[in-house]
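Below is one structure; the comments refer to it alone.
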Amino acid sequence: MKLLYSDFIKRIALVALLNAGTAIAADTPMTTGVIAETGLHYWEWDAQGVLFRLTQRLPDQTRAYFMARGFDSGSADLIANRCVFQSMFKNIADPGGTATSIDLDTWRIRSGGNEYHLVTREQWQDELQKNDISQAAAIALEWSLLPTRQVYAPGDYNWGMTSYALKPGKTFDLGFSWKREGRVFHGHLKDVECAPDIHPDPES
Amino acid sequence: MMSKRVLQILLALSAAFALNAVVAEQQVQLLHEVPEQPAAPDFSIEDVDGVVHTLSAYRGKVVILNFWATWCPPCREEMPSMERAWQKLRHEDIVMLAINVGEDEDSVFEFTASYPVEFPLLLDRESAVIRSWPVRGLPTTFVIDPQGKIVYRAIGGRDWSAPEVLQKIRALRAR
């Protein structure tokens with residue numbers, strides 16, 4: 001009986017230890033890693049009722065995506081030659097919690113001692129108007145980018161691209177914010193790396 | 001002494017696990033109640049088979065209205081659960097409509113080869129319909145009551161076949 005008891009205590013201690021590990025991980029707002037299937041890096045903020053993730057997009061991925069949706073190569077290049085991430089913002093507050101709102105126009109990045117803003121869907125629409133892109137392309141662009149302003153009830157989330165006024169391969173720190181019940185909260189993702197523009201030589 | 005301590009740890013762990021389970025369950029199944037429940041903007045558009053659907057013609061029924069696109073990962077992810085929900089609700093005076101935004105029939109037909117669904121897939125080719133609705137990102141889904149009021153909204157994918165979600169939708173029929 002005594003042996004069983006100590007075995008039981010060990011099991012409980014193990015479960016408690018595992019739980020403690022989880023708690024430590026959850027207390028660290030930013031995590032980063034590599035997606036095994038693609039080799040692309042991601043940066044994630046998980047704190048204060050918000051889950052926000054940036055995942056690298058290769059410039060060629062972005063080029064191909066927009067060309068498949070009616071962009072000419074010049075216009076697709078214009079977007080692909082900026083730093084573009086697949087992004088996800090989610091309000092992870094408990095049910096019955098409050099809504100969270102974002103405004104990408106207030107977000108800033110720092111790179112090489114300079115501050116830059118995000119290039120939002122509205123700014124892209126203005127810029128690409130000059131290139132006379134088709135209506136189908138303009139619609140794809142609008143809905144593919146993370147909404148500039150959005151209100152998320154608990155459980156709500158959006159996926160979408162975010163783009164930054166930097167060249168592929170650059171590194172930056174992102175300062176982002178959200179509002180909940182009139183209060184502004186701030187989060188940071190550090191040393192975020194824009195995917196480089198790689199053109200591998202064909203094997204001879 | 002030892003047994004009392006063990007009991008305390010056990011109780012704490014059970015409470016933590018129970019709470020985690022409840023939170024995980026509720027996180028998945030959220031439908032946000034729309035304040036003031038505005039009237040649903042009407043529209044009249046074709047589905048992929050050329051059949052015209054007018055929202056106001058479904059007055060008296062509950063309508064689940066989804067805005068989506070084939071390239072949108074959460075849209076694709078929730079589509080099978082919408083089909084499962086549709087199979088459970090289709091004979092209960094409940095309508096499900098999924099409006100594709102900005103794509104053509106070919107893209108949608110190709111999509112249905114991988115994601116077969118039996119509810120109507122409507123085409124908002126020039127995104128004229130979505131602009132009259134409070135949508136900023138895809139997918140966004142609304143649940144409209146028989147009086148034509150928007151009662152629930154979900155931004156991002158959901159498991160539409162979850163019993164809690166089906167129960168909320170069915171409850172609107174009594175309005």
Side-chain angles (χ1 to χ4, degrees), chain A residues 2 5-6 8-9 11-16 18-20 22-23 51 55 65-66 68-70 86-102 104 121 134-161, chain B residues 2-3 5-10 12-14 16-17 19-20 22-35 67-77 100-104 107 124-128 130-131 134-141 152-159 164:
Chain A
K2 211 168 186 178
Y5 219 62
S6 68
F8 184 62
I9 296 290
R11 277 166 195 262
I12 286 179
L14 181 65
V15 171
L18 288 172
N19 271 357
T22 310
L51 180 66
T55 306
Y65 175 87
F66 283 108
R69 280 159 188 83
Q86 183 61 38
S87 322
M88 194 270 286
F89 189 97
K90 182 171 187 177
N91 181 354
I92 54 169
D94 288 343
T98 50
T100 290
S101 63
I102 59 166
L104 300 189
R121 53 166 74 161
S134 68
Q135 190 183 29
I139 292 169
L141 173 75
E142 177 178 357
W143 295 103
S144 302
L145 295 172
L146 197 70
T148 307
R149 278 168 282 281
Q150 180 65 290
V151 179
Y152 299 93
D156 281 349
Y157 66 94
N158 277 135
W159 282 51
M161 296 179 208
Chain B
M2 179 66 89
S3 62
R5 186 155 180 76
V6 169
L7 190 64
Q8 280 174 337
I9 294 170
L10 265 178
L13 284 172
S14 316
F17 286 141
L19 186 65
N20 276 346
V22 168
V23 168
E25 177 81 357
Q26 289 175 341
Q27 286 280 16
V28 177
Q29 312 306 346
L30 290 167
L31 289 182
H32 172 61
E33 211 164 320
V34 176
F67 289 95
W68 70 289
T70 60
W71 44 261
C72 151
C75 302
R76 292 199 300 266
E77 199 176 306
N100 175 277
V101 182
E103 296 178 285
D104 56 21
S107 307
D124 185 19
R125 292 184 188 88
E126 295 174 1
S127 73
I130 196 171
R131 289 192 196 291
V135 181
R136 288 175 176 167
L138 301 177
T140 299
T141 307
Y152 296 118
R153 185 199 70 189
I155 297 175
R158 296 291 192 275
D159 178 0
E164 299 83 349

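Pairing each heavy atom of B/Val135 with each of A/Trp143, the nearest pair is O-CH2, 3.5 Å. Residues A/Val151 and B/Ile155 come closest through the heavy atom pair O-CD1, 3.4 Å. Taking each heavy atom of A/Pro154 and B/Leu30 in turn, the nearest pair found is O-CD1, 2.9 Å.
Between chain A and the options B/Pro74, B/Gly102, B/Ser127, B/Pro73, heavy-atom pairs under 4.5 Å are most frequent for B/Pro74. Chosen from B/Arg125, B/His32, B/Glu126, B/Arg153, the residue pairing most often with chain A at heavy-atom distances under 4.5 Å is B/Glu126. Counting heavy-atom pairs closer than 4.5 Å to chain B, the top-ranked of the candidates A/Met88, A/Gln150, A/Glu142 is A/Gln150. Note: A/Ser144 leads A/Ala136, A/Ala140, A/Ser144 in heavy-atom pairs under 4.5 Å with chain B. For chain A, the option among B/Ala154, B/Ala69, B/Pro139, B/Gly137 with the highest count of heavy-atom pairs below 4.5 Å is B/Gly137.
Considering only heavy atoms from C-beta on, A/Asp156 comes within 4.5 Å of B/Arg158 through its side chain.
To the nearest 0.5 angstrom, A/Ile102 atom CD1 is 10.0 Å from B/Arg136 atom CZ.
Using a 4.5 Å cut-off between heavy atoms, A/Arg69 contacts chain B through its side chain alone, with no backbone atom that close. Residue B/Glu103 does not touch chain A at all, counting heavy-atom pairs closer than 4.5 Å.
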